Amino acid sequence: MRKNIVAGNWKMNNDLAQTETLITDLKAQTQTSNAEVMIAPTATNLWQAYQTLKDTSGIEVIAQNMHFAENGAYTGEVSAAMLKSVGVTTVILGHSERREYFNETDALLAKKVDAALANDMRTIFCFGEELADRKAGNEEAVVEAQIKNALFHLGADAFKNIVLAYEPVWAIGTGETASPEQAQDMHAFIRKTLADTYGAEVADNMSILYGGSVKPANAQEIFSKPDVDGGLIGGAALKATDFYAIVNAF
Ligand code: PGA
């Protein structure tokens with residue numbers, strides 16, 4: 001059975017004190033759903049967040065990014081081993097902001113995914129089309145290429161440590177959400193793409209998250225779709241009550 005997951009991507013928000021405040025607020029919330037809950041604070045606050053949450057909370061602390069190399073002359077970067085040394089075993093890779101502002105390509109992301117897997121880390125792999133792609137009717141081709149280029153060199157077993165996150169670029173931080181039907185159609189297409197190469201078991205067990213302006217007001221309808229297994233939440237993850245309204249929308 002695939003898992004339901006709600007992950008908060010805090011992006012470059014919250015210094016250490018603000019991180020502690022938001023975590024305190026999150027711990028005060030009540031979870032009524034069965035979703036796995038994750039938060040991705042900025043790299044400097046991962047250790048503190050992990051220490052605060054590890055024993056009791058059921059909230060996993062995850063990273064927003066990492067480098068593919070084990071170590072070495074990569075100024076400013078963070079490796080898988082470094083993340084693991086501060087308690088982090090899941091990493092978001094391929095977010096559209098990384099692709100757009102830091103020139104991350106499918107080929108680079110394939111190396112990062114390999115590094116995560118080699119370190120026994122779980123990857124939340126993000127992808128999604130731009131508005132021009134959708135207007136031209138190319139959204140499925142774009143998404144298929146992103147997934148195949150970065151992931152389809154892997155063996156079937158590797159997919160146990162991968163979660164997919166479909167995030168149409170035109171819906172991220174814009175207030176515009178894909179309709180529940182648009183999300184469902186794409187998620188079904190992604191699952192079929194997996195099934196065609198790796199078989200029904202890999203496809204059925206894959207958690208496919210939707211991301212892009214998910215809010216308390218629209219979460220339930222999006223999550224009600226059969227191929228939507230959760231959400232990657234940006235803006236609404238910065239307020240504990242909003243985030244848990246989304247977590248509890250399952
Ligand atoms: P948003 O961001 O919820 O603010 O649209 C989603 C994301 O970038 O993961």
Side-chain angles (χ1 to χ4, degrees), residues 4-14 18-19 22 25-26 29 35-43 45-46 49 59-66 88 90-104 109 112-113 116 122-131 133-134 139 142-143 146-147 150 162-180 182-183 186-187 190 207-223 225 228-250:
N4 294 327
I5 297 170
V6 178
N9 174 11
W10 291 8
K11 309 192 179 182
M12 198 171 74
N13 294 294
N14 293 329
Q18 291 163 329
T19 296
L22 181 47
D25 292 349
L26 290 170
Q29 302 295 313
E36 268 187 49
V37 180
M38 306 174 184
I39 58 167
T42 201
N45 300 330
L46 288 170
I59 300 176
E60 183 183 350
V61 177
I62 70 173
Q64 299 177 15
N65 180 38
M66 64 169 223
V88 171
T90 300
V91 60
I92 298 170
L93 294 176
H95 192 280
S96 66
E97 289 149 18
R98 299 293 318 171
R99 293 175 189 261
E100 183 180 351
Y101 305 134
F102 303 97
N103 303 316
E104 296 199 356
L109 292 168
K112 290 191 175 200
V113 170
R122 177 160 63 164
T123 295
I124 299 181
F125 183 75
C126 306
F127 52 87
E129 83 283 1
E130 301 198 13
L131 187 58
D133 302 319
R134 186 161 278 268
E139 65 272 17
V142 168
V143 161
Q146 287 173 322
I147 295 173
I162 290 179
V163 171
L164 299 179
Y166 168 57
E167 299 204 301
V169 177
W170 48 272
I172 296 178
T174 58
E176 193 171 341
T177 322
S179 70
Q182 284 173 320
M186 184 59 86
H187 285 220
I190 294 161
S207 297
I208 307 177
L209 317 186
Y210 168 79
S213 297
V214 178
K215 301 183 258 307
N218 59 26
Q220 196 155 21
E221 210 188 340
I222 296 172
F223 294 165
K225 294 297 176 188
V228 178
D229 307 309
L232 186 55
I233 318 300
L238 297 174
K239 208 172 149 211
T241 47
D242 285 355
F243 186 58
Y244 267 83
I246 294 169
V247 168
N248 290 333
F250 276 104

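The structure displayed is predicted, hence computed values, not measured ones. All ligand and atom numbering here is 1-based and tracks the order in the structure.
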Is [X] in polar range of ligand 1, meaning some N or O pair under 3.5 Å apart?
X    : value
E97  : no
G235 : yes
G173 : yes
T174 : no
G234 : yes

*Please report the shortest heavy-atom distance between F223 and I246, naming the atom on each side.*
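In this case the closest contact between F223 and I246 is CE1-O, 3.5 Å.
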
*So does E221 have more than 12 non-hydrogen atoms from other groups sitting under 6.0 Å from CD?*
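No, CD of E221 has 12 or fewer neighbouring heavy atoms, counting only those of other groups under 6.0 Å.
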
Within ligand 1, which atoms have a heavy atom of [X] less than 4.0 Å away?
X    : result
L232 : 6 (C), 9 (O)
I172 : 2 (O), 5 (O), 8 (O)
A171 : 5 (O)
S213 : 1 (P), 3 (O), 5 (O)
G212 : 5 (O)
H95  : 7 (C), 8 (O), 9 (O)

For residues [X] and [Y], determine if any side-chain heavy atom of one lies less than 4.5 Å from a side-chain heavy atom of the other.
X    : Y    : value
F102 : N65  : no
I92  : C126 : yes
E130 : V142 : no

*At a 4.0 Å cut-off, with the gap strictly under it, does some heavy atom of G211 reach an atom of ligand 1?*
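So G211 does not count as touching ligand 1.
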
*Hey, what's the ring geometry for Y210 with H187, parallel, tilted or perpendicular (30° and 60° as the breaks)?*
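Because their plane-to-plane angle lies in the 30° to 60° range, the rings of Y210 and H187 count as tilted.
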
_Under a 4.0 Å threshold between the charged nitrogen and the carboxylate oxygen, would R122 count as salt-bridged to E60?_
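Counted as a salt bridge, because a side-chain N and a carboxylate O are separated by less than 4.0 Å.
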
*At what distance is the nearest protein heavy atom to atom 7 (C) of ligand 1, and which residue and atom is it?*
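Ranked first by proximity to atom 7 (C) of ligand 1 is E167 OE2, 3.1 Å.
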
*Report the part of A165 in contact with ligand 1, treating N, CA, C, O as backbone and CB onward as side chain, heavy atoms under 4.0 Å; options are side chain, backbone, both, neither.*
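Neither; nothing of A165 gets under 4.0 Å from ligand 1.
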
*Donor-acceptor contact below 3.5 Å, side chain N218 vs main chain S213*: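 Yes; judged by distance alone, with no hydrogens or angles, the pair exists.
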
*To the nearest 0.5 angstrom, please state how far the CD atom of E139 sits from the CD atom of Q182.*
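Atom-to-atom, E139:CD and Q182:CD are 8.0 Å apart.
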
